[in-house]
Novice: 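The following block contains the structure, expressed as structure tokens.
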Amino acid sequence: MARKTATMEAGTGAPAERVPGLDRLPAGPALFVGRRTELAALRAAAVRPAEGRSPVLVLAGRPGSGRTALAVRFAVTVAGQYPDGVLFARLSAPDGGRVPPARAARRLLEQLGADTADVPLPGAAGDGRDDPACVALRAALAGRRVLLVLDDVRDAGQLWPLLADEPGCLVLATTAGPLTGIEDIDPVILGGLDRTAAAELLGDLVGGTRIGCDPVGAADLAEACGSQPAALRLMAGRLRGKPELAVTEAAKELLRAVAEAGKAEPEGVKEPAEPADPPEPNGKGKGERGKGRRGAAVAGPEPAAAVDPPAEPARDPAAWVRPGPEPAEPVPVPDNDPLVGAFTLAYAGLTAAQARMLRALTLAPAQSADPRTASALVGCPAPEAATTLAALAERELLAEEPPAADGTARYRVPGRLHPRLVRLREREDRPAEIELARARLLERLVRLTESARSLLDPSEGTGPDPLPGPLRLKSAAHAREWLLGERDPLLGAVADAIGQGDLDGSAGRLVTALLRSLPLTGAAAPADLHQLHELVLTVAERHGRPRRASAALLNLGDLQAAAGRWEQASGHYRAALEHARTADDEALCARALEGAAGCHRALGDAVRAADWYGRALGVRQSMGDQAAEARLLARVAEAHAAQRRFDEAEREYRASLSVLRRIGDERGREAVAAALAELRERVSAGW
């Protein structure tokens with residue numbers, strides 16, 4: 001098959017292959033044609049000055065218009081101008097849900113190599129520009145030349161917290177419609193490919209001879225597809241799978257399929273407005289934009305008399321970003337769109353096993369799968385799953401992702417097809433089959449995670465039973481790369497399972513495995529651990545297990561305390577105390593009391609700190625835990641000293657020394673004796 005790409009000007013700067021982060025971008029299609037006008041518009045917009053902030057380029061287009069592929073192509077051409085790297089984040093979930101900007105900021109920080117362990121956990125105030133992760137990202141970008149590619153942005157409220165006050169960076173955002181609320185942006189709006197590019201794409205995908213012998217049929221098929229890249233690719237996959245099908249007949253099939261889909265409009269699916277039609281923030285309408293080939297509207301210069309001179313951009317981002325309300329739902333693909341007809345034909349041509357696999361992949365974490373997870377979903381051997389995945393990708397029904405650490409091929413269900421596949425799954429698969437597939441997937445993820453842990457820490461003893469050869473993780477390095485590479489899908493899988501509430505046993509085992517495994521990678525983000533402990537709490541409270549709920553709250557309190565968020569930590573410790581009392585667990589009560597006392601101490605409330613330490617001391621004494629008793633006596637002494645109650649402080653220090661002497665803890669005796677000596681010295685000096 002011929003490989004052709006659009007001719008583009010190379011960017012100045014370092015060679016693109018030397019720029020870090022290019023491998024983070026989606027793989028993109030192997031064949032890329034056309035879009036020269038749009039690429040030129042992006043290059044022109046990228047060099048416009050933006051005083052006091054990062055320039056923002058916006059690519060807007062309907063699902064299937066090829067906006068992500070164009071963004072990747074443009075990023076590769078200009079990457080050399082951004083030697084500090086390329087960052088990538090997808091700001092929509094596979095089902096079209098909205099990814100919070102704080103979560104995206106943490107992942108971007110990790111791509112920059114920042115230590116997210118120092119980033120405080122999200123606060124209760126919200127997820128906007130003041131979120132600690134967003135603040136840390138903007139600070140990390142200061143003084144750097146970085147290209148940020150933000151794919152499938154839902155609204156301006158997602159974008160503006162990530163924008164740095166750094167003119168040397170460039171932000172490229174793709175979206176299904178204009179991002180109202182961000183000033184001084186002229187989006188590049190994608191329509192269909194031009195006639196020449198559409199014919200070239202069909203020729204490259206199907207075979208030049210077959211298309212060249214029927215130019216009229218090729219033109220009819222391109223027109224039936226609306227010259228949309230995604231629809232063209234699906235129809236090309238159908239033609240490759242049916243060599244006997246004439247190109248002209250394929251065009252007629254597509255027109256019939258689109259007409260039938262339009263008649264059978266599902267309830268609740270409404271056709272959205274054209275992305276090019278809604279007014280932009282500066283008031284320009286569709287008729288005021290420059291036009292690209294075959295209806296592609298491209299932002300261009302306006303006549304001088306048509307608009308007022310633009311105002312000088314403000315240095316404060318709050319002055320140039322006014323996010324509108326969060327959209328209620330993602331932009332759907334309307335039923336009369338050629339993409340729907342092309343998908344209907346492609347799906348009808350699948351074998352039963354291929355169709356079942358495609359539907360099942362909507363249950364995969366982040367709708368991304370390799371043979372390990374795909375084989376679990378459908379209950380087949382991994383080599384068979386690999387063959388089926390490759391066949392679906394050949395039909396253009398799956399997008400290829402960058403391979404896993406060991407070279408294993410990875411695939412993703414395109415977001416434009418996800419809603420249709422979910423509907424098909426709900427119609428064609430029995431609920432019991434879906435639940436069984438989800439259970440198999442969770443158990444597979446548990447075994448893989450436990451296998452990774454045993455490779456990373458062999459000292460823990462005998463690991464789980466080895467997985468079959470094609471599924472096995474091969475080394476500690478491979479295990480670490482797998483855990484980090486699959487972290488987001490793993491977290492998503494367990495959150496989804498616990499959210500549905502029907503597989504708490506398997507989901508709970510996966511949470512436990514992740515809590516034991518992720519810290520072994522050396523890159524466990526506190527936010528991820530916080531999410532996992534919150535999931536443990538959800539399951540524990542759902543099933544009435546106060547002891548487990550108390551332990552989860554204690555861990556959440558410890559994470560908040562480590563982040564210096566003492567008020568939030570205190571709330572968790574108090575809630576843990578209530579659950580511990582319900583479970584009649586003295587050890588958990590003592591931990592919660594001591595944790596709350598530490599929060600009061602950090603907040604400068606020595607009176608309450610002494611009270612809570614004293615209550616914890618009473619519990620430990622009743623348990624006969626002399627080591628903890630000695631520690632808490634010293635803590636009570638410190639709280640008394642902070643209140644200038646020196647006699648009481650000395651008495652508690654002396655009591656602690658007595659306990660330490662009794663249990664033979666020489667190191668503890670030295671530390672407490674030093675603290676007592678320091679107290680006496682300060683008192684004698686007039687403190």
Novice: Report yes if some heavy atom in the side chain of D337 is under 4.5 Å from a heavy atom in the side chain of R62; otherwise report no.
Specialist: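 Yes, at least one pair of side-chain atoms sits under 4.5 Å.
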Novice: Quick one: are R154 and L91 in side-chain contact, heavy atoms under 4.5 Å?
Specialist: no
Novice: Considering only heavy atoms from C-beta outward, does the side chain of P365 approach that of L445 to under 4.5 Å?
Specialist: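 Sidechains of L445 and P365: in contact.
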Novice: Looking at every non-hydrogen atom in both residues, tell me the closest pair between L339 and G64 and how far apart they are.
Specialist: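 Nearest pair, atom of L339 first, then G64: CD2-CA, 4.4 Å.
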Novice: State plainly whether the residues R107 and E110 are in salt-bridge range, i.e. N to O under 4.0 Å.
Specialist: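 So R107 pairs with E110 through a salt bridge.
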Novice: Measure from the side-chain N and O atoms of Q111 to the backbone N and O of F88, and report whether any donor-acceptor pair falls under 3.5 Å.
Specialist: yes
Novice: Should R410 and E486 count as an ion pair when the cut-off is N to O under 4.0 Å?
Specialist: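 Result for this pair is yes, salt bridge flagged.
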Novice: Is it true that a side-chain atom of D528 and a backbone atom of Q531 form a donor plus acceptor pair closer than 3.5 Å?
Specialist: no
Novice: Looking at R440 and L377, would you say the former's side chain and the latter's main chain have a donor-acceptor pair under 3.5 Å?
Specialist: yes
Novice: Quick check on salt bridge (Lys or Arg N to Asp or Glu O under 4.0 Å): which of E253, E244, E394 does R238 satisfy it with?
Specialist: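 Single pass found, and it is E253.
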Novice: Whether D152 and R90 form a salt bridge (side-chain N of Lys/Arg under 4.0 Å from carboxylate O of Asp/Glu) is what I want to check.
Specialist: no
Novice: Do any N or O atoms from the side chain of T387 and from the backbone of P383 form a donor-acceptor pair under 3.5 angstrom?
Specialist: yes
Novice: So, taking the atom named CG in L455 and the one named CG in L473, what distance separates them when rounded to the nearest 0.5 Å?
Specialist: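 Those atoms lie 6.5 Å apart.
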Novice: Would you check if L515 and L529 make a side-chain contact, meaning some heavy-atom pair closer than 4.5 Å?
Specialist: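 Answer yes - side chains close enough.
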Novice: Given 3.5 Å as the limit, does a donor-acceptor pair link the side chain of R438 with the main chain of L363, or not?
Specialist: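 Absent.
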Novice: Heavy atoms, side chains only, cut-off 4.5 Å: are L490 and L518 in contact?
Specialist: no
Novice: With V149, which of V72, L25, T68, L59 fulfils side chain to side chain contact (heavy atoms under 4.5 Å, CB included)?
Specialist: L25
Novice: Taking the side chain from S517 and the backbone from L514, do they hold a donor-acceptor pair closer than 3.5 Å?
Specialist: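 A pair under 3.5 Å: no.
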Novice: With the side chain counted from C-beta on, respond yes when L389 and L361 share a heavy-atom pair under 4.5 Å apart, and no when they do not.
Specialist: yes
Novice: A side-chain contact here means heavy atoms from C-beta on lying under 4.5 Å apart; do R73 and R35 qualify?
Specialist: no
Novice: Do you know the tightest heavy-atom contact between M235 and C225?
Specialist: CG-SG, 3.8 Å
Novice: Looking only at non-hydrogen atoms, find the nearest pair between L239 and A246 and report the distance.
Specialist: CD2-O, 4.3 Å
Novice: Check the side chains of S375 and R444 for a donor-acceptor pair under 3.5 angstrom, ignoring hydrogens and angles.
Specialist: yes
Novice: Within the 3.5 Å criterion, strictly below it, is a donor on R509 or T512 matched to an acceptor on the partner's side chain?
Specialist: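 The answer is no; no qualifying pair exists.
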Novice: Taking T351's backbone N and O only, do any of them form a donor-acceptor pair with Q354's side chain (distance below 3.5 Å, no angle check)?
Specialist: yes
Novice: Ignoring hydrogens and geometry beyond distance, is a side-chain donor-acceptor pair present between T248 and D214 at under 3.5 Å?
Specialist: yes
Novice: Report yes or no: does T175 contribute a side-chain atom to a donor-acceptor pair with the main-chain N or O of V153 at less than 3.5 Å?
Specialist: yes
Novice: Does some side-chain heavy atom of L421 sit less than 4.5 Å from a side-chain heavy atom of F343?
Specialist: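 Of all side-chain heavy-atom pairs linking L421 with F343, at least one is under 4.5 Å.
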Novice: Within the side chain of R412, is there an N or O that forms a donor-acceptor pair under 3.5 Å with the backbone of A399?
Specialist: no
Novice: Do the charged groups of R356 and D429 touch, with an N to O distance under 4.0 Å?
Specialist: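 A salt bridge is absent here (no side-chain N lies under 4.0 Å from a carboxylate O).
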Novice: Less than 4.0 Å between a side-chain N and a carboxylate O, is that true for E396 and R240?
Specialist: yes
Novice: Does R425 come within less than 4.0 Å of E433, counting only side-chain N to carboxylate O?
Specialist: no
